[in-house]
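This report refers to the structure that appears directly beneath it.
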Amino acid sequence: QVRLVESGGGSVQAGGSLRLSCAYSGFTYSSYCMGWFRQAPGKEREGVAGLDSDGSTSYADSVKGRFIISKDNAKNTLYLQMNSLKPEDAAMYYCAAAIPGGQCAARILLWRNMNSWGQGTQVTVSS
């Protein structure tokens with residue numbers, strides 16, 4: 001059973017940085033897509049970044065150049081480094097996985113493409 005547990009959210013001023021972590025377990029396939037999504041109040045859940053099992057990454061246009069997705073296989077942890085944060089980045093952030101899977105660039109376009117979710121971690125950005 002896949003388990004995803006996020007941490008690292010918090011409050012930061014605009015221009016600041018945060019790093020989110022997602023501890024994962026229960027992966028039984030070598031092919032997968034892992035990603036970060038976010039949902040602000042009253043808005044649709046949107047994909048932010050994806051990481052394929054082959055190491056390729058993909059990002060939403062709104063975060064390109066500011067956010068970096070990475071994974072530490074030894075620690076079974078997925079990260080999202082968020083720099084130059086803006087008030088519009090404030091949201092609940094979710095770690096997600098599609099297993100088996102791949103093609104993250106396409107999968108993160110729609111949250112329904114993912115089949116496992118964490119509980120979320122809140123990010124607040126003040127101007």
Side-chain angles (χ1 to χ4, degrees):
Q1 182 178 354
V2 174
R3 186 163 184 251
L4 305 170
V5 180
E6 303 96 332
S7 61
S11 296
V12 64
Q13 287 191 327
S17 298
L18 279 176
R19 189 177 77 160
L20 306 183
S21 299
C22 172
Y24 60 88
S25 61
F27 283 28
T28 56
Y29 290 87
S30 58
S31 173
Y32 54 82
C33 163
M34 294 193 74
W36 289 96
F37 289 72
R38 66 187 181 187
Q39 187 168 20
K43 294 189 176 181
E44 184 81 8
R45 190 171 295 188
E46 62 173 355
V48 173
L51 176 63
D52 269 298
S53 46
D54 65 1
S56 57
T57 58
S58 50
Y59 296 92
D61 288 343
S62 59
V63 306
K64 279 181 182 175
R66 300 188 298 122
F67 290 12
I68 301 172
I69 188 171
S70 63
K71 184 162 65 70
D72 186 330
N73 292 328
K75 295 182 178 180
N76 279 10
T77 302
L78 180 75
Y79 300 102
L80 184 68
Q81 177 66 45
M82 304 186 295
N83 301 319
S84 302
L85 282 160
K86 304 175 181 179
E88 52 264 42
D89 293 319
M92 183 70 80
Y93 281 72
Y94 297 92
C95 175
I99 304 166
Q103 301 178 327
C104 265
R107 285 185 183 276
I108 66 169
L109 295 177
L110 183 61
W111 65 268
R112 292 181 182 85
N113 290 329
M114 311 301 277
N115 52 33
S116 296
W117 292 88
Q119 81 288 351
T121 186
Q122 184 70 44
V123 172
T124 303
V125 184
S126 57
S127 56

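Hydrophobic clustering, with ILVMFWY side chains joined whenever heavy atoms are under 4.5 angstrom apart, keeps V63 apart from Y79. The same ILVMFWY cluster, assembled from side-chain heavy atoms under 4.5 Å apart, contains both L4 and W36. Transitive grouping of hydrophobic side chains (ILVMFWY, heavy atoms separated by less than 4.5 Å) keeps L80 and M114 in distinct clusters. One hydrophobic cluster holds both L78 and I68 under the rule that ILVMFWY side chains link at heavy-atom gaps under 4.5 Å.
A cation-pi contact links R45 to Y94, judged by a cut-off of 6.0 Å to the six-membered ring centre and 45° from its axis. A cation-pi arrangement is absent between R38 and Y93, since the terminal nitrogen or guanidinium carbon is not both under 6.0 Å from the aromatic centre and inside a 45° cone about the axis.
Looking only at atom types and distance, the side chain of D72 has no donor-acceptor partner in the side chain of T77 under 3.5 Å away. Side-chain contact annotation: W111 with E44, donor-acceptor N/O pair under 3.5 Å present.
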Side chain to side chain contact (heavy atoms under 4.5 Å, CB included), that's the test. Do M92 and F37 meet it? Break it down for me. CA-CA 8 Å; M92 183 70 80; F37 289 72; over 6 Å; no
May I have the step-by-step check of ring-ring contact (aromatic ring centres under 6.0 Å, His included) for Y59 and F67, ending in yes or no? CA-CA 8 Å; Y59 296 92; F67 290 12; 8.2 Å; no
Side chain to side chain contact (heavy atoms under 4.5 Å, CB included) evaluation trace for I108 with V48: CA-CA 7 Å; I108 66 169; V48 173; over 6 Å; no
Step by step, would you call C95 with M34 a side chain to side chain contact (heavy atoms under 4.5 Å, CB included)? CA-CA 7 Å; C95 175; M34 294 193 74; 4.2 Å; yes
Output, in order, the C-alpha distance, side-chain angles, deciding distance and verdict of side chain to side chain contact (heavy atoms under 4.5 Å, CB included) for C33 and L51. CA-CA 6 Å; C33 163; L51 176 63; over 6 Å; no
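Side-chain contact check for V12 versus T124: every heavy-atom pair is 4.5 Å or farther apart.
In terms of heavy atoms, S30 sits closest to S53 at O-CB, 3.3 Å. A pairwise comparison of heavy atoms in A40 and A90 identifies CB-O, 3.9 Å as the closest pair. Minimum heavy-atom separation, N83 to S17: OD1-OG, 3.0 Å. When all heavy atoms are compared, the tightest approach of S127 to P87 is CB-CG, 3.9 Å.
With salt bridges taken as basic N to acidic carboxylate O contacts below 4.0 Å, none links K86 and D89.
Applying the 6.0 Å contact sphere to CD of E46 captures more than 12 heavy atoms from other residues, nucleotides or ligands. Sparse packing is recorded around CD of Q13, with 12 or fewer heavy atoms of other residues, nucleotides or ligands lying under 6.0 Å away.
At least one donor-acceptor pair under 3.5 Å links the side chain of T121 to the backbone N or O of G9. In this structure, Q119 contributes its side chain and E6 its backbone to a donor-acceptor pair below 3.5 Å. Judged purely by atom type and a 3.5 angstrom limit, N113 has no side-chain atom pairing as donor or acceptor with the backbone of A98. The backbone N or O of K43 lies less than 3.5 Å from a partner atom in the side chain of Q39, making a donor-acceptor pair. Using modelled atom types, one side-chain atom of D52 and one backbone atom of C104 make a donor-acceptor pair closer than 3.5 Å.
Distance check, rounded to the nearest 0.5 Å: CG of D54 to OG of S31 gives 8.5 Å. Here the CG atom belonging to L20 is positioned 9.0 Å from the CD atom belonging to Q81, to the nearest 0.5 angstrom. Rounded to the nearest 0.5 angstrom, T57 OG1 and K71 NZ are separated by 12.5 Å.
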